Amino acid sequence: MSVLLDHEVERGRFLEIQEMTFTRWCNSALNRRGSPLIDDIFMDLESGVTLLTLLEYLTGIQLKYHKTPKSNAQKLENLAIALEFMAAEGINLTSMSNEDIMGGNVKLILGLVWMLIQKYHIQAEDARRAMLDWIQVVIPQANIKNFTTDWNNGRALSALVDTCIPGAIADWNLLDENNAVENITTAMQIAEEDLSIPALLAPDDMANPEVDELSIMTYISCFNMQLFNNLLFWLRAKIPHRSIENLTLDWNNGVNLAYLVESLAPGSWDNLDDVSPDTAEDNIKKGLKLAYDALGVFPRVKVEELISHEISELSMATYMWQFRNSKITSGYAESTAQRCIASGLGLTRGTLGEPAKFTVHAGNAGVGELHVKISSPGSEPIMPLVEDLGLGEHSVSYVPTQFGDYIISVTWAEQHVPGSPFKAVVLGPPDVTKCALSGEGLHIARPGWPAEFLVNAQTAGVGHLTANIQGANSNPNVEIEEYSEGKFKGTYIAKESGDHDLFVYWSNEPVPGSPFLVHVEESLPPSAMIKTTGGRMLQSDTVHRAGDSIELDVDTQDAGDGQLAAVAIGPKGDAVPVEIIANRNRTFTLKLLTSKGGRYLVNVYFNGSHIPNSPFKVRVCNPEAIWAEGPGLMDSFVGDQGDFQVFTRDAGHGTLSVRVNGPKDKFRVDMWKGADRTVNCRYNPEVVGKYTVNIKWEDEHVKGSPYTIQVRKRPDNGVEGR
């Protein structure tokens with residue numbers, strides 16, 4: 001029997017997974033900002049614009065740079081600005097230059113993105129240690145020890161999703177380990193649909209024992225914000241009379257820590273009412289000790305870090321989550337109010353003079369009475385209408401009488417329900433002067449290309465956004481998307497060159513600056529006029545052989561005077577020369593001589609700018625770089641296991657096939673992946689005779705194949721059987 005095993009080793013499978021994960025992480029941030037997304041992370045950072053846009057989103061700091069760089073010099077300047085800014089932020093970039101990024105250096109670019117993830121997303125210098133400590137306290141029953149194999153079967157990810165959404169995958173510990181990809185797929189779908197957490201890597205990659213550790217950490221860290229919010233919700237429920245808004249600043253004087261310890265271990269803190277913010281150091285020391293003695297909460301944080309505000313949110317969350325796992329003393333009983341659920345738009349916002357409504361479900365809360373108190377911005381009480389609908393369901397409504405913040409207190413059996421007190425914002429009438437606009441689409445655009453602008457109307461009162469654009473001969477459609485509450489993105493595609501007028505309205509009133517004068521120009525660089533007319537380099541789906549000369553025909557006639565240049569990045573990230581042969585009529589032939597297996601990126605420039613579709617991707621396999629060894633490739637005896645290994649590390653892209661033919665036709669071959677892209681093989685010879693082992697990569701024999709093996713009967717009393 002023939003067994004085929006797809007064994008991708010294009011730049012190393014872990015690098016492929018890392019590339020995809022890091023690209024999706026960047027795009028999730030760029031998408032929130034309404035910026036163009038990354039297609040190829042190694043090439044799309046070369047102008048510096050995308051990298052600087054990403055830094056602006058991560059830090060909230062606006063940077064000055066060339067928004068539309070016209071030359072390589074301006075691109076290099078942008079990249080230098082980005083690197084200088086990152087260095088000022090404390091990111092070590094001693095081994096990286098702006099030319100490395102422009103040239104698409106694979107390892108350095110992936111390292112750069114990981115440093116951004118570690119600094120701004122995970123927020124820890126030792127990301128692996130910090131994330132492992134965190135996950136171990138969040139899902140202790142999953143027994144996580146690493147960010148590779150412990151996530152392969154989908155149970156740990158399912159446990160994490162169930163922690164974020166209790167009951168979503170309640171039986172995660174009973175999932176069949178043999179259905180790893182299915183388990184992971186289900187968990188990822190729930191995370192994406194219900195938690196808005198994008199699937200940064202494919203389910204089959206996560207199920208792979210050789211999965212990249214940094215990719216797993218990046219994806220798992222995307223759950224942190226939801227878990228932080230769940231933790232804050234739990235803390236507010238435990239000490240509802242305290243104001244808990246965050247996991248850092250609200251804990252720096254030890255007062256909230258004192259109340260939390262006392263709520264979980266009643267009687268442990270003497271004279272609680274006398275705790276003062278002025279004795280922060282004493283409060284924290286006592287709180288850490290009592291939490292450990294009474295509840296078994298290990299003091300993972302330092303007193304000086306809490307007082308000086310130097311502790312990260314992740315470190316504090318790791319410490320605080322231990323309280324959720326702690327054993328509550330017998331003198332404490334869960335409040336029935338914690339089983340109430342309050343929901344509805346009226347808990348967060350309202351409109352002047354119109355009823356604001358919400359519901360309270362107390363069906364599982366036991367005996368008690370619902371009380372709702374509402375204070376207006378002027379501290380005047382608002383009389384709510386509370387209606388008992390039966391079966392524990394209550395309907396509540398109130399009518400706002402003035403603009404501003406309303407505080408809504410909801411209690412059951414004299415205890416606050418989760419989330420109470422709530423704050424509802426009542427917006428005023430439309431105020432167009434409060435609209436803030438930004439984006440290149442307000443001033444420049446190119447025919448046939450999407451142009452975008454952003455509108456922040458969060459403080460502009462109740463209203464709706466509309467827009468239209470008018471050209472000399474056409475009126476393109478403007479699509480409006482509310483990507484966040486009170487924040488909008490407008491997108492249009494101009495059809496012709498020339499000046500256009502962009503009109504933007506808030507509740508039918510023109511926003512400040514409207515109409516905006518938009519200059520629509522072709523402004524295509526000469527490099528965009530280059531044509532690729534033929535050559536095997538255009539066959540992106542073809543797998544070439546190492547040693548082949550891969551050609552590309554280029555026509556520069558329509559681009560005018562200029563210089564054509566090319567360089568390739570090899571599988572190991574090294575520069576590979578590309579020969580340029582001049583033909584007639586400003587046409588050229590480019591030749592790439594391949595020597596190794598893997599992926600090559602061929603960068604072709606005209607006057608310093610990429611030509612269309614550059615860089616070109618070339619996939620190369622090298623069967624001669626593969627070798628096999630093991631007792632299964634040597635003469636043996638009936639009953640011996642035919643074990644051997646195939647080493648494919650430097651083989652590039654391709655498919656491995658192993659076929660064993662014996663005296664009775666074909667034999668079954670078991671194959672499984674080992675470390676460092678090694679493939680383990682096993683067959684069991686059952687009869688005497690000659691066996692042939694065929695090992696092929698992309699349908700070509702590897703070195704030594706086919707192997708001829710003689711299997712004999714095991715000798716008795718030292719005499720070999722015939």
Side-chain angles (χ1 to χ4, degrees), residues 26-38 49-50 52-68 196 198 345 348-352 354 403-405 423-471 474-496 498-521:
C26 291
N27 283 340
S28 68
L30 294 169
N31 188 53
R32 295 189 190 100
R33 188 182 171 91
S35 301
L37 304 184
I38 292 173
V49 174
T50 299
L52 286 160
T53 301
L54 185 61
L55 288 170
E56 287 181 329
Y57 171 81
L58 295 172
T59 64
I61 299 174
Q62 296 298 310
L63 302 171
K64 292 183 179 180
Y65 56 92
H66 302 287
K67 299 294 193 296
T68 54
S196 299
L345 190 61
T348 58
R349 63 190 303 181
T351 302
L352 184 67
E354 298 182 9
F403 307 120
D405 296 343
K423 183 174 74 173
V425 179
V426 175
L427 299 175
D431 184 355
V432 71
T433 64
K434 298 293 181 64
C435 291
L437 285 79
S438 61
E440 289 186 351
L442 296 173
H443 307 291
I444 59 174
R446 286 173 56 186
W449 290 72
E452 298 178 349
F453 61 92
L454 303 177
V455 180
N456 186 337
Q458 290 182 315
T459 61
V462 179
H464 60 280
L465 186 73
T466 56
N468 64 78
I469 188 169
Q470 299 176 4
S474 62
N475 299 321
N477 179 53
V478 181
E479 296 184 1
I480 302 295
E481 174 195 357
E482 186 173 10
Y483 63 91
S484 182
E485 188 172 333
K487 293 185 177 182
F488 303 84
K489 179 175 71 175
T491 307
Y492 63 90
I493 300 177
K495 299 178 181 179
E496 57 181 336
D499 290 344
H500 290 58
D501 290 320
L502 174 61
F503 298 85
V504 183
Y505 304 93
W506 180 250
S507 289
N508 301 320
E509 292 290 330
V511 302
S514 180
F516 298 89
L517 180 61
V518 181
H519 300 287
V520 182
E521 300 177 356

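In this text the structure is predicted, and so the values were computed from the model without any measurement. Every heavy atom of this structure was used, including side-chain atoms; hydrogens, water molecules and symmetry mates were not.
Contact record, Lys495 with Pro476: N-CG, 4.4 Å, taken as the closest heavy-atom pair. The nearest pair of heavy atoms linking Thr59 to Leu55 is OG1-O, 2.8 Å. Among all heavy-atom pairs drawn from Asn468 and Val478, the shortest one is CA-CG2, 3.9 Å.
For residues 454-466, no residue pair satisfies the salt bridge (Lys or Arg N to Asp or Glu O under 4.0 Å) rule, not counting sequence neighbours.
The backbone N or O of Gly471 sits nowhere less than 3.5 Å from a side-chain atom of Glu496 that would complete a donor-acceptor pair.
Listed by chain and residue number, nothing satisfies the salt bridge (charged side-chain N to carboxylate O under 4.0 Å, His left out) test with Glu482 (two or more places apart in sequence, or in another chain). For Glu56, the salt bridge (charged side-chain N to carboxylate O under 4.0 Å, His left out) criterion is met by Arg33, not counting sequence neighbours. Applying the salt bridge (charged side-chain N to carboxylate O under 4.0 Å, His left out) criterion to Lys487, with sequence neighbours excluded, gives no partner residue. With sequence neighbours left out, Asn27 forms a side-chain contact (heavy atoms from CB on, under 4.5 Å) with Thr23, Leu30, Leu37, Ile38.
In this structure, Leu442 CG and Phe516 CZ are separated by 5.0 Å, a value rounded to the nearest 0.5 Å. Atom CG of Leu58 is separated from atom OG1 of Thr53 by 11.0 Å, given to the nearest 0.5 angstrom. A distance of 9.5 Å separates NZ in Lys489 from CD in Glu479, rounded to the nearest 0.5 Å. We find the CG-CG distance between Asn456 and Leu437 to be 9.0 Å, quoted to the nearest 0.5 Å. One distance of note links OG1 of Thr351 with CG of Leu345; it measures 8.0 Å at 0.5 Å rounding.
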Can you give the donor-acceptor pairs under 3.5 Å from side chains of residues 498-513 to other protein atoms, not counting sequence neighbours?
unit_1: Asp499; atom_1: OD1; unit_2: His519; atom_2: ND1; d: 2.8
unit_1: His500; atom_1: ND1; unit_2: Gly498; atom_2: O; d: 3.0
unit_1: Trp506; atom_1: NE1; unit_2: Ala460; atom_2: O; d: 3.1
unit_1: Ser507; atom_1: OG; unit_2: His464; atom_2: N; d: 3.3

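Classified by interplanar angle (parallel below 30°, tilted 30° to 60°, perpendicular above 60°), the ring pair Phe453/Tyr492 is tilted.
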